[in-house]
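See structure below.
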Amino acid sequence: MTVTDISTPQMMLPHRLPECGNARLLMFAMRRMGAHGLDDARAAHCLLTAFGQNFRRPLVLLRAMMADLASHTSATIAIAPCCCARMTASEGALLAILARVETRQESARLLMADLLGTRRVDSVLASVAAVAVAFADEGRPIC
């Protein structure tokens with residue numbers, strides 16, 4: 001039997017932050033809301049700065065997505081601190097879902113089912129798709 005040491009940063013945080021600035025922006029806001037609540041002022045401010053006067057739609061939809069994720073999961077969705085330059089496996093999966101929810105829906109559905117630990121993911125997937133579309137409509141597609 002092999003024992004794996006999960007205390008190393010590469011095991012706890014297996015993914016690097018994405019190169020895409022839009023995905024980094026989204027990751028920061030998700031981490032802030034996940035750690036400090038849906039009404040976190042810094043998350044709102046970063047979206048206001050990025051989107052200007054059109055920040056409300058992405059902000060409200062992101063809040064709804066985070067609430068849906070929290071209420072529909074049967075597993076733990078691990079998030080790293082905002083200052084961390086690496087991502088957890090859950091964060092990596094969530095960004096992958098956001099990037100492919102419009103183009104590869106079945107793949108996104110399977111990833112979401114794995115992330116949430118349940119087969120009924122349609123409502124959460126709709127929230128994720130709304131966030132992805134809101135970012136893309138404002139010229140900030142998640143890649």
Side-chain angles (χ1 to χ4, degrees), residues 4-143:
T4 305
D5 181 17
I6 61 169
S7 63
T8 62
Q10 284 73 24
M11 294 301 288
M12 293 185 302
L13 303 166
H15 305 289
R16 294 177 47 191
L17 281 179
E19 297 293 323
C20 174
N22 302 330
R24 284 177 179 252
L25 168 72
L26 181 63
M27 181 59 57
F28 176 80
M30 286 189 316
R31 285 177 172 179
R32 288 296 305 185
M33 287 181 188
H36 302 286
L38 299 178
D39 293 327
D40 183 67
R42 287 188 183 168
H45 183 264
C46 87
L47 293 177
L48 171 65
T49 303
F51 290 102
Q53 66 183 10
N54 297 327
F55 79 100
R56 285 179 191 86
R57 179 177 171 221
L59 176 62
V60 169
L61 290 173
L62 182 57
R63 286 174 174 164
M65 182 191 84
M66 295 296 287
D68 280 347
L69 284 169
S71 64
H72 288 89
T73 188
S74 64
T76 301
I77 300 175
I79 59 170
C82 292
C83 61
C84 192
R86 298 189 64 85
M87 295 187 300
T88 66
S90 298
E91 291 171 330
L94 192 51
L95 280 182
I97 294 165
L98 279 154
R100 66 179 70 165
V101 70
E102 291 185 273
T103 57
R104 294 180 284 168
Q105 296 165 349
E106 192 56 36
S107 172
R109 176 177 271 100
L110 290 173
L111 280 172
M112 183 63 77
D114 286 346
L115 179 66
L116 298 180
T118 183
R119 291 183 181 194
R120 296 182 181 164
V121 297
D122 290 334
S123 63
V124 181
L125 209 54
S127 294
V128 171
V131 170
V133 169
F135 270 65
D137 286 351
E138 295 300 324
R140 294 186 168 275
I142 306 300
C143 48

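Everything quoted here is computed from the prediction, not taken from an experiment.
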**OP:** Would you give the length of the straight line joining atom OG of Ser107 to atom CD1 of Ile97, rounded to the nearest 0.5 angstrom?
**Re:** 8.5 Å
**OP:** Considering non-hydrogen atoms only, spot the tightest contact between Val121 and Thr118 and give its length.
**Re:** CG1-O, 3.5 Å
**OP:** Spell out, as yes or no, whether a donor-acceptor pair under 3.5 Å connects the side chain of Glu91 to the backbone of Ala80.
**Re:** yes
**OP:** Mark yes or no for whether Thr73, through its side chain, and Ala75, through its backbone, hold a donor-acceptor pair below 3.5 Å.
**Re:** yes
Subject >> Enclosure of Arg56 CZ (heavy-atom neighbours >12, cutoff 6.0 Å) >> reply: no
Original post:
Would you call Phe135 and Leu47 a side-chain contact if the rule is heavy atoms closer than 4.5 Å?
Top reply: yes
**OP:** With rounding to the nearest 0.5 Å, note down the distance linking CG in Asp122 to NE2 in His72.
**Re:** 10.5 Å
**OP:** Could you tell me which non-hydrogen atom of Asp68 sits nearest to which non-hydrogen atom of Ser123, and how far apart they are?
**Re:** OD2-O, 4.0 Å
Original post:
With side chains defined as the heavy atoms from C-beta onward, is the minimum distance between Met27 and Cys82 less than 4.5 Å?
Top reply: no
**OP:** Would you check if Ile79 and Met30 make a side-chain contact, meaning some heavy-atom pair closer than 4.5 Å?
**Re:** no
Original post:
Between Ile77 and Thr88, is any pair of side-chain heavy atoms under 4.5 Å apart?
Top reply: no
Subject >> Distance in Å, His15 NE2 paired with Ser90 OG, rounded so as to fall on 0.5 Å steps >> reply: 9.0 Å
Original post:
Any side-chain heavy atom of Leu26 sitting closer than 4.5 Å to one from Ile142?
Top reply: yes
Original post:
Considering only heavy atoms from C-beta outward, does the side chain of Leu61 approach that of Ser127 to under 4.5 Å?
Top reply: no
Subject >> Expected output: side-chain Arg63 to main-chain Leu38 donor-acceptor under 3.5 Å >> reply: yes
Original post:
Can you tell me how far the CZ atom of Arg31 sits from the NE2 atom of His36, to the nearest 0.5 Å?
Top reply: 11.5 Å
**OP:** May I ask you to test the Leu95-Met87 pair for a side-chain heavy-atom distance under 4.5 Å?
**Re:** yes
Subject >> Polar side-chain atom of Arg86 near backbone of Pro14 as donor-acceptor pair, under 3.5 Å >> reply: yes
Original post:
Does the side chain of Val101 reach to within under 4.5 Å of the side chain of Met112, using non-hydrogen atoms?
Top reply: no
Subject >> Minimal non-hydrogen separation, Cys143 against Ala23, with atom names >> reply: O-CB, 4.1 Å
**OP:** Provide the closest heavy-atom pair for Arg140 versus Phe51 in the form atom of the first, atom of the second, distance.
**Re:** CD-CE2, 3.5 Å
Original post:
Among Val133, Asn22, Leu98, which one satisfies side-chain contact (heavy atoms from CB on, under 4.5 Å) with Pro141?
Top reply: Asn22
Subject >> Spatial distance of atom CG (Leu111) from atom CZ (Arg100) [nearest 0.5 Å] >> reply: 5.0 Å
Original post:
Distance from Leu59 atom CG to Asn54 atom CG, nearest 0.5 Å?
Top reply: 12.5 Å
**OP:** Check for a donor-acceptor pair, side chain of His45 on one end and backbone N or O of Ala41 on the other, with a separation under 3.5 Å.
**Re:** no
Original post:
What's the shortest heavy-atom distance between Ala29 and Ala43, and which atoms?
Top reply: O-CB, 4.0 Å
